[in-house]
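Below: one structure, written as structure tokens.
The residues of the chain are indexed from 1 along the displayed sequence.
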Amino acid sequence: MHLAYPAVLAVLLFCTGLYGVLARRNAILVLMSVELMLNAVNLNLVAFDVWLRDTLHAGQALTLFTITVAAAEIGIGLAIVLLVYRNRGSSDIDRLRDLAERPDGADAAATERQPDTEAEATA
């Protein structure tokens with residue numbers, strides 16, 4: 001088996017996933033693109049494992065770990081996307097600016113410490 005065929009396919013899959021991550025605005029499509037990139041890595045791991053004739057099958061074992069991490073990432077990522085969609089009505093990544101850092105001094109009044117109790121307020 002030539003190593004070039006799966007390697008070229010993996011490069012095409014990875015580039016397609018990278019384009020999806022950089023160009024898409026929908027969070028679900030970004031997650032799908034990340035999965036495509038991880039599958040390209042898995043294809044490379046298995047192809048090199050077969051090409052090197054590894055007796056321990058380290059590439060296949062690492063692929064199983066990658067699939068496990070990808071499944072956990074999708075589960076948590078979809079839960080976050082669904083909560084954001086439920087609260088905001090949109091899963092557009094560009095509109096998620098609540099957690100963005102603000103420039104210095106933009107919200108100085110909002111960051112001042114408010115008194116917790118009435119005794120601190122009168123002191």
Side-chain angles (χ1 to χ4, degrees):
M1 176 176 124
H2 292 287
L3 185 61
Y5 298 130
V8 168
L9 180 62
V11 166
L12 290 174
L13 284 173
F14 192 84
C15 288
T16 304
L18 186 64
Y19 172 74
V21 167
L22 295 176
R24 299 293 178 187
R25 297 183 193 277
N26 190 350
I28 294 176
L29 292 177
V30 170
L31 286 174
M32 288 174 58
S33 298
V34 169
E35 285 293 320
L36 200 61
M37 292 167 64
L38 288 172
N39 284 331
V41 170
N42 289 339
L43 180 62
N44 265 336
L45 285 171
V46 172
F48 275 98
D49 183 47
V50 170
W51 185 65
L52 293 173
R53 294 185 178 97
D54 187 16
T55 57
L56 295 176
H57 300 293
Q60 294 177 19
L62 199 56
T63 298
L64 288 175
F65 286 118
T66 308
I67 291 171
T68 305
V69 168
E73 174 254 336
I74 279 296
I76 293 172
L78 281 176
I80 291 171
V81 168
L82 287 174
L83 286 174
V84 167
Y85 182 78
R86 184 181 300 163
N87 288 336
R88 307 237 168 107
S90 174
S91 63
D92 189 11
I93 293 176
D94 291 336
R95 293 186 183 175
L96 299 178
R97 301 285 183 199
D98 286 348
L99 297 178
E101 294 182 17
R102 294 190 173 99
D104 293 337
D107 58 345
T111 59
E112 290 179 7
R113 185 172 175 265
Q114 300 294 327
D116 292 335
T117 63
E118 188 175 321
E120 288 181 8
T122 58

Donor-acceptor pairs under 3.5 angstrom involving side-chain atoms of residues 59-76: please list them, not counting sequence neighbours.
residue : atom : partner : partner atom : Å
Q60     : NE2  : D49     : OD2          : 3.1
T63     : OG1  : G59     : O            : 2.7
T66     : OG1  : L62     : O            : 2.8
T68     : OG1  : L64     : O            : 2.8

Find the distance between [atom1] ([X]) and [atom2] ([Y]) and round it off to the nearest 0.5 Å.
X   : Y   : atom1 : atom2 : value
L38 : F14 : CG    : CZ    : 8.5 Å
N44 : N39 : CG    : CG    : 11.5 Å
L36 : L31 : CG    : CG    : 12.5 Å

Of all the heavy-atom pairs spanning [X] and [Y], show the shortest one and how long it is.
X   : Y   : answer
N26 : S91 : OD1-OG, 2.8 Å
A10 : L43 : N-CD2, 3.8 Å
A40 : L13 : CB-CB, 3.8 Å
G20 : S33 : CA-OG, 3.2 Å

Starting from [Y], can I reach [X] by hopping between I/L/V/M/F/W/Y residues whose side chains sit under 4.5 Å apart?
X   : Y   : value
V8  : V46 : no
M32 : V81 : yes
L45 : V50 : no

